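Beneath this line is the structure, given in structure tokens, with notes to follow.
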Number of protein chains: 2
Amino acid sequence: MSRSNPRVLSTLERAGGFASAQEIYRLMQREGESIGLTTVYRSLQSLVNDKIVDVLRRDDGEAIYRLCGDAHHHHLVCKSCGETVEIEGGAIEKWARVMAEEHGFRDVGHTAEIFGICSKC
Amino acid sequence: MSRSNPRVLSTLERAGGFASAQEIYRLMQREGESIGLTTVYRSLQSLVNDKIVDVLRRDDGEAIYRLCGDAHHHHLVCKSCGETVEIEGGAIEKWARVMAEEHGFRDVGHTAEIFGICSKC
DNA sequence: GCACAAATGAAAATGATTTTCATTCCCATA
DNA sequence: TATGGGAATGAAAATCATTTTCATTTGTGC
Ligand SMILES: [Zn+2]
Ligand SMILES: [Zn+2]
Ligand SMILES: [Zn+2]
Ligand SMILES: [Zn+2]
């Protein structure tokens with residue numbers, strides 16, 4: 001197993017700590033960095049193995065990588081224009097823990113997103 | 001938009017109410033039913049639109065379709081074996097409404113899922 | 001310099017899902 | 001009954017993320 005190319009991690013950080021492999025690749029290209037898509041995928045896999053980043057799935061199935069240390073938060077997304085607001089989880093955090101415990105689940109995580117139409121749309 | 005082929009829903013039921021499009025297709029083939037993969041996908045999409053089935057993602061990104069009741073609910077999913085428990089949203093229903101209103105969003109919906117390792121795994 | 005292992009990336013392969021498009025099926029009306 | 005139009009169907013091609021292959025490059029210790 002290969003080691004992670006440090007520029008990939010640095011780009012993921014610069015992307016807000018939340019991006020897909022393809023996005024990271026395109027971002028690096030746009031910034032003139034020479035790297036292959038394969039290396040981006042391999043580096044991300046390695047970072048996941050080392051538990052430096054988490055991997056989640058978008059609704060369309062694409063894998064998105066998230067820096068672990070990042071402050072946990074959720075999103076409020078406009079269905080029309082795509083505007084996204086980062087919000088606090090608040091009550092959800094406890095809800096997830098309680099529900100999981102109630103059913104005997106461990107190592108739990110959660111996803112939660114609110115979508116609607118923003119005031120500008 | 002086409003309507004769902006009733007044999008697809010019937011097969012999903014027979015599969016335990018939990019299967020991927022490819023699995024449903026292969027199951028129907030094995031049972032001698034003549035159907036195209038395209039129709040399976042279209043029927044499942046239609047069932048999702050009509051909120052007769054939910055769609056989730058396996059760890060590998062493949063979409064899995066799951067029969068579910070009408071009542072609004074959320075899922076607690078085992079990352080290892082895929083076991084799914086339907087749970088009440090509880091506090092997050094209000095959280096979603098409040099957060100959305102706070103930021104001026106309307107026509108809001110939400111998704112929330114908890115994932116972890118179940119007691120059997 | 002030399003050998004050898006690790007890293008890289010272009011290109012091909014894979015696999016799920018979507019799109020295209022020609023054909024078939026259904027059904028209402030003349 | 002015949003017919004015309006819209007819906008349903010499915011084979012094949014296209015798409016797209018991801019993985020695999022494999023030849024080349026790079027790095028490191030001797
Ligand atoms: Zn908007
Ligand atoms: Zn949270
Ligand atoms: Zn389990
Ligand atoms: Zn809810």
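Treat the numbers as computed from the prediction; the structure is a model and nothing was measured. We name chains A, B, ... by the order of the sequence lines, and we start the count at 1 in each one.
- Smallest separation of non-hydrogen atoms from A/A19 and A/L12: N-CD1, 3.8 Å.
- Atom CZ of A/R3 is separated from atom C1' of D/dT28 by 12 Å (rounded to the nearest Å).
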When the side chains of residues 25-33 of chain A are checked against the rest of the protein, which donor-acceptor pairs come out under 3.5 Å, sequence neighbours left out?
from: A/Y25; atom 1: OH; to: A/Q29; atom 2: NE2; distance (Å): 3.2
from: A/E31; atom 1: OE1; to: A/R14; atom 2: NH1; distance (Å): 2.5
from: A/E31; atom 1: OE2; to: A/R14; atom 2: NH1; distance (Å): 3.1
from: A/E33; atom 1: OE1; to: A/R7; atom 2: NH1; distance (Å): 3.1

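- Here the C1' atom of nucleotide C/dT17 and the CD1 atom of B/I24 are 14 Å apart, to the nearest Å.
- In this entry the distance linking OH of B/Y25 with C1' of C/dT18 reads 16 Å, nearest Å.
- The side chain to side chain donor-acceptor pair (under 3.5 Å) test applied to A/E93 returns A/H72, A/H74, A/H110, not counting sequence neighbours.
- The separation between B/D59 atom CG and C/dA16 atom P is 16 Å, rounded to whole Å.
- Considering only residues two or more places apart in sequence or on other chains, B/H103 meets the ring pair (Phe, Tyr, Trp, His ring centres under 6.0 Å) condition with none of them.
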Going 5' to 3' through nucleotides 15-26 of chain D and flagging B where a protein heavy-atom sits under 4.0 Å of the base, S where only the sugar-phosphate is that close, and - otherwise, we get --SBBB------
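- A/D60 has its CG atom 11 Å from the P atom of C/dT17, to the nearest Å.
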Let me check something: any side-chain donor-acceptor pairs from residues 57-65 of chain A under 3.5 Å, sequence neighbours excluded? List them with distances.
from: A/R57; atom 1: NE; to: B/D59; atom 2: O; distance (Å): 3.2
from: A/R57; atom 1: NH1; to: A/G61; atom 2: O; distance (Å): 2.8
from: A/R57; atom 1: NH2; to: B/D59; atom 2: O; distance (Å): 2.8
from: A/R58; atom 1: NH2; to: A/E23; atom 2: OE1; distance (Å): 3.2
from: A/R58; atom 1: NH2; to: A/E23; atom 2: OE2; distance (Å): 2.9
from: A/D60; atom 1: OD1; to: A/E62; atom 2: N; distance (Å): 3.0
from: A/E62; atom 1: OE2; to: A/S20; atom 2: OG; distance (Å): 2.8

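- Counting to the nearest Å, the C1' atom of C/dA7 and the CD1 atom of A/I35 are 11 Å from each other.
- Taking 4.0 angstrom as the limit, A/N5 places a side-chain polar atom (N or O) nearer than this to OP1 or OP2 of C/dT8.
- Residues satisfying the side chain to side chain donor-acceptor pair (under 3.5 Å) test with A/H75, not counting sequence neighbours, are A/H73.
- For the pair B/E23 CD and C/dA16 P, the interatomic distance rounds to 10 Å; values are reported in whole Å.
- When heavy atoms are screened at a 4.0 angstrom cut-off, A/S34 is found touching the sugar-phosphate backbone but no base atom.
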